[in-house]
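Lettering follows sequence order; numbering is per chain, from 1.
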Protein chains: 2
Amino acid sequence: MISTKKTDLLKRTDIFASLDSKELEGLAHLAVERRFAPDEFIFWEGQPAHWFYIVQEGQVKVSKYSPSGREFIVAFFTPGEMFGEVAVFQGKPYPASACAVGETRVVGIRRDDFLSFLATHPSVSLKIIHVLGERLRSAHTRLRDLAAERAEGRLANILLMLASKLGPTLPFTRQELADMTGLTPETTIRVMSRFRDRKIVRSGRGKTTILDEAALRRIGEGLPLN
Amino acid sequence: MISTKKTDLLKRTDIFASLDSKELEGLAHLAVERRFAPDEFIFWEGQPAHWFYIVQEGQVKVSKYSPSGREFIVAFFTPGEMFGEVAVFQGKPYPASACAVGETRVVGIRRDDFLSFLATHPSVSLKIIHVLGERLRSAHTRLRDLAAERAEGRLANILLMLASKLGPTLPFTRQELADMTGLTPETTIRVMSRFRDRKIVRSGRGKTTILDEAALRRIGEGLPLN
DNA sequence: CGCCTATTTGAAAACCGTCAAAGTATGTGG
DNA sequence: CCACATACTTTGACGGTTTTCAAATAGGCG
């Protein structure tokens, strides 16, 4: 075993989990570990995409910035998830920036290595299609949300989406919630305060706990805050 | 040749274009032609997804509806493009509804047939990854747009996106533009009127012609309507 | 010509963003 | 252990944008 830790990580990903240990070994040889300090960027939107990554430890935030400099958070990724893969497949620049949240380790795989690996492992392609499909579905749901719901509904839906992935206690600041919903921090705070007064959430500094998921679901469906 | 028309269509799609004529023949056997009248639905959000489709003639509008009944248009598809594929891969219900715009013909392929075809044609998987990646990229760009831009910017960006696909003359009503941007028809009309006064677009009933693409691009970047 | 639908316009109200200022947790260095 | 600096959070007032509601106009098709 040359790199137990790397094969262990690969084994925990959706797309590589079904490979046998020999194949995993081969991949692990191609994978390079990298560490990032909090708030350090892994890549920037517009850079040429030679690598794609898998989160090993910590969290990665993928965002797009508007010309005015405002941030919009596209997704958070946790250990075992890949990111930067869309650009790699297309040979185009990264469509968004990736930034480490807290101390973070990732493994990177070179575009060329990965494409040749794919050519000989068709089953992995199917897994990737599955993952991309899931992300597309989520993106479309969020699109409908941003287009149709107002502040309360948007926040409710983002909280639900995050909770379904991370559990009922969410490690985000108001600012980050604002950047995910396209609201300002002030509006986010006001809505969250209403939620708190209604005992729908409990909140502290950089942390939110969901108490009444059913209520959030009603609000997310466009029903009034009753 | 059993079905020249169907193989011709398949030949024009991104994902099947590189197959040889024997493979195309095989696929064409699996493909079923269907016709739809204007405003007839091909499938509804939530239905089990046994088929995916390719547009042969006409246009298909894919939308999601908010609980209040408001429509949000996720995408328009033109001949040669596929839709409904995400649900098929995942064995989950369709995540959106598809509706014929004008007299429309499509070909449908059964989920099971397609999955077994894929298993024996890995190169098609790669094409699909490519298409899904492109759609994901577009969805994320639109997300940032809805979150960060106001009415003028949103409309400008949607017009640009449509023009890059359909050319400078766009066959959409104000209502449809509103459903793509998440604005109300009234706001859409007011903004479009400003655009018309500035000679940025020319517009008629159910039709819009872009005159000054550069201006739209400036507005879409968040710059004022100068 | 008449109907249906798309477009247009107006006025009022709701919502959210902006700006400004103050309060409060967390961590750091002395 | 305390003082202080640094975020994050909170609150208020104001203004602008967009929605809402209502009504009128105009284009296309039978």
Report the distance from atom [atom1] of [X] to atom [atom2] of [N], rounded to the nearest whole Å.
{"X": "B/Ile189", "N": "C/dT9", "atom1": "CD1", "atom2": "C1'", "result": "9 Å"}
{"X": "A/Glu152", "N": "C/dC15", "atom1": "CD", "atom2": "C1'", "result": "11 Å"}
{"X": "B/Arg150", "N": "D/dG16", "atom1": "CZ", "atom2": "P", "result": "12 Å"}
{"X": "B/Arg190", "N": "C/dA12", "atom1": "CZ", "atom2": "P", "result": "13 Å"}
{"X": "B/Phe172", "N": "C/dT5", "atom1": "CZ", "atom2": "P", "result": "21 Å"}
{"X": "A/Gln175", "N": "D/dT9", "atom1": "CD", "atom2": "C1'", "result": "11 Å"}
{"X": "A/Phe195", "N": "D/dT9", "atom1": "CZ", "atom2": "C1'", "result": "17 Å"}
{"X": "A/Asp197", "N": "D/dT10", "atom1": "CG", "atom2": "C1'", "result": "12 Å"}

Touch class at under 4.0 angstrom, heavy-atom based, for A/Arg70 against every strand present: nothing
Among A/Trp51, A/Phe52, A/Tyr53, the one residue meeting side chain to side chain contact (heavy atoms under 4.5 Å, CB included) with A/Val106: A/Tyr53
Residue B/Arg174, side-chain atoms from C-beta onward, closest of C/dG17, C/dT8, D/dT9: C/dT8
Selection from D/dA7, D/dT9, C/dG17 that lies nearest to any side-chain heavy atom of A/Thr187: C/dG17
Exercise: do A/Thr184 and A/Thr187 side chains pair donor with acceptor under 3.5 Å: yes
Derivation of the salt bridge (charged side-chain N to carboxylate O under 4.0 Å, His left out) call for B/Glu149 and B/Arg142: CA-CA 10 Å; B/Glu149 302 293 341; B/Arg142 259 179 105 187; over 6 Å; no
Over 12 foreign heavy atoms within 6.0 Å of CG, B/Asp197: yes
B/Arg12 atom CZ, over 12 foreign heavy atoms within 6.0 Å: yes
First of A/Arg154 and A/Arg205 reached from the 5' end of DNA chain C, by closest nucleotide: A/Arg154
B/Thr184 side-chain N/O to D/dT19 phosphate OP1/OP2 under 4.0 Å: yes
Under-3.5 Å donor-acceptor pair between A/Glu186 side chain and C/dC16 base: no
